[in-house]
Amino acid sequence: MPVLLALAAVALIAADTVVPLDPLRAFGSAVYGGLEGAASSGVRWASGGGRLEDFERENARLRAELLAARRATPPPAEGGGYQVVSAHAVGFGRDGTVTIDAGADAGVTPDMTVFDADGLVGRVLRSGPGTATVQLATASGASVGARLEGSREVGLVTGVPEHGLLRLGLLNPSADVKPGDRVVTLGSRDLRPFVPDVPIGTVVTVEPAADALTRTALVRPFARFTALENVTVVLGPLPDAPAVTDTAADTAADTSTKKPEKKSKKSEKSKKKKAKKKDTSGHAEGAR
């Protein structure tokens, strides 16, 4: 029996290190996530899901516009708004994760921002065809670049799952922070994993300084992680308006150059007519 257990342990270790787990995760997401999504869709359909989904998509779009309008940092070069997709929380994990019913088929990929009507929810950890796993901001391994909304002091937010809170560590040890201060996301390059200025929570208490290097405080998140329902996933920036093509520019240039030529031809004809009139009038005076 000890020999069999040792062989089984070696086999499991080898499978964990050698065999890729992504195909297994994708298969599990397609099967288990599909069942979760079907059950959630059935419940929404029974309560008038068609109109409800339209309202949810509209809400997601309005949330994105509001988020883009309130950001204090310059917008990305591609455009000023965000492409988003609406999703539902259909499963909760014990490891600080939640399953949503939107996946790669809807454009959801890892390291995308997820928020709801209250504030930041987390980031996409991995995605399958029809579902995705979101790491909550309160998870033990989660970390979010953040700043104080008022003073714009920069820091890092980490999860405190045992209390359902967040811990904010400010880089400036003498930063002025007090209960009631709002905390927002710092933002990431290319908007991944976090877009800037998403509301995170409010400071509830400032912890005593253990050293002179950082300033820490506990933050109560805006999002209700135990009652998540409809969420919004940021797919990326909205594309900018289409530029004028070279053909259109050439056509406009040709038109602008042709119009003066027509005017010049008309002016030449009028000059010739005036010259003829002068000649005829001169001949008439000579004949008299």
Side-chain angles (χ1 to χ4, degrees), residues 63-64 66-78 80-84 95-98 108-116 118-127 132-161 163-207 209-211 213-223 225 231-237:
R63 288 176 191 169
L66 180 62
L67 182 62
R70 70 184 300 275
R71 58 180 295 170
T73 53
E78 291 84 353
Y82 301 121
Q83 298 183 65
V84 296
D95 55 347
T97 60
V98 63
V108 178
T109 57
D111 288 334
M112 286 183 171
T113 307
V114 183
F115 67 100
D116 66 358
D118 298 318
L120 180 70
V121 173
R123 69 179 180 92
V124 177
L125 196 60
R126 51 184 175 269
S127 64
T133 302
V134 177
Q135 184 186 49
L136 301 179
T138 52
S140 58
S143 60
V144 183
R147 65 167 77 240
L148 294 176
E149 189 176 45
S151 64
R152 310 302 288 175
E153 289 285 351
V154 177
L156 185 69
V157 164
T158 55
V160 188
H163 299 293
L165 298 175
L166 302 166
R167 177 170 282 109
L168 170 66
L170 295 170
L171 299 183
N172 183 4
S174 59
D176 182 18
V177 55
K178 58 187 180 300
D181 288 347
R182 287 169 57 94
V183 182
V184 298
T185 55
L186 175 63
S188 310
R189 182 179 178 86
D190 299 328
L191 305 180
R192 302 176 71 167
F194 297 106
V195 299
D197 295 305
V198 182
I200 297 177
T202 55
V203 175
V204 292
T205 182
V206 179
E207 296 182 323
D211 52 47
L213 299 178
T214 59
R215 191 79 182 273
T216 61
L218 291 179
V219 177
R220 175 171 286 111
F222 289 127
F225 296 104
V231 299
T232 300
V233 184
V234 180
L235 303 181

To the nearest 0.5 Å, tell me how far L166 CG sits from S143 OG. 11.5 Å

Shortest non-hydrogen separation from L186 to P196 and the atoms involved: O-CB, 3.7 Å

Is R215 salt-bridged to E153, cutoff N-O under 4.0 Å? no

Run the side chain to side chain contact (heavy atoms under 4.5 Å, CB included) test on F222 and D116 for me, step by step, so that the C-alpha distance in whole Å, both residues' side-chain angles and the decisive distance to 0.1 Å come before the verdict. CA-CA 10 Å; F222 289 127; D116 66 358; over 6 Å; no

Side chain of T113, backbone of P193: donor and acceptor closer than 3.5 Å? yes

Looking only at heavy atoms, which two atoms of T205 and P179 are closest? And how far apart? CA-CG, 4.5 Å

Those residues at least two apart in sequence (or on a different chain) that pass side chain to side chain contact (heavy atoms under 4.5 Å, CB included) with S140 are P161

D181 side, atom CG; D176 side, atom CG - distance, nearest 0.5 Å: 7.0 Å

Polar contact flag, side-chain donor to acceptor under 3.5 angstrom, T97-Q135: no

State, yes or no, whether a side-chain contact exists between T202 and V219 at a heavy-atom distance under 4.5 Å. no

Looking at every non-hydrogen atom in both residues, tell me the closest pair between V234 and V195 and how far apart they are. CG1-CG1, 3.9 Å

Identify the two heavy atoms, one from G164 and one from P221, that lie closest to each other, and give their separation to 0.1 Å. O-CD, 3.6 Å

So how far is it from L168 CG to L148 CG, rounded to the nearest 0.5 Å? 6.0 Å

As an exercise, state the distance from CZ of F194 to CZ of F115, rounded to the nearest 0.5 Å. 13.0 Å

Look up atom CZ in R167 and atom OG1 in T216, then write down how far apart they are to the nearest 0.5 Å. 6.5 Å

Residues E207, L218; criterion side chain to side chain contact (heavy atoms under 4.5 Å, CB included); working and verdict: CA-CA 7 Å; E207 296 182 323; L218 291 179; 3.6 Å; yes

Judged by atom type as modelled, is there a donor-acceptor pair below 3.5 Å linking the side chain of R192 to the main-chain atoms of L235? no

Measuring only between side-chain heavy atoms, which start at C-beta, is V134 closer than 4.5 Å to L125? no

Sorted by chain and number, sequence neighbours left out, salt bridge (charged side-chain N to carboxylate O under 4.0 Å, His left out) with R220 holds for none

Walk me through it: do V198 and V184 pass the test side chain to side chain contact (heavy atoms under 4.5 Å, CB included)? CA-CA 5 Å; V198 182; V184 298; over 6 Å; no

Taking all non-hydrogen atoms of both residues, which atom of S127 and which atom of T109 are closest, and how far apart? OG-CA, 3.8 Å

Taking atom types as modelled, find out whether R147 and T185 have a side-chain donor-acceptor pair closer than 3.5 angstrom. no

May I ask you to test the V124-V108 pair for a side-chain heavy-atom distance under 4.5 Å? yes

Which residues share a salt bridge (charged side-chain N to carboxylate O under 4.0 Å, His left out) with D111, sequence neighbours left out: R123

Could you pull out the closest heavy-atom pair between D95 and A139, with the gap in Å? O-CB, 4.2 Å

Determine whether V144 and L120 satisfy the following criterion, side chain to side chain contact (heavy atoms under 4.5 Å, CB included), listing intermediate values before the conclusion. CA-CA 10 Å; V144 183; L120 180 70; 4.1 Å; yes

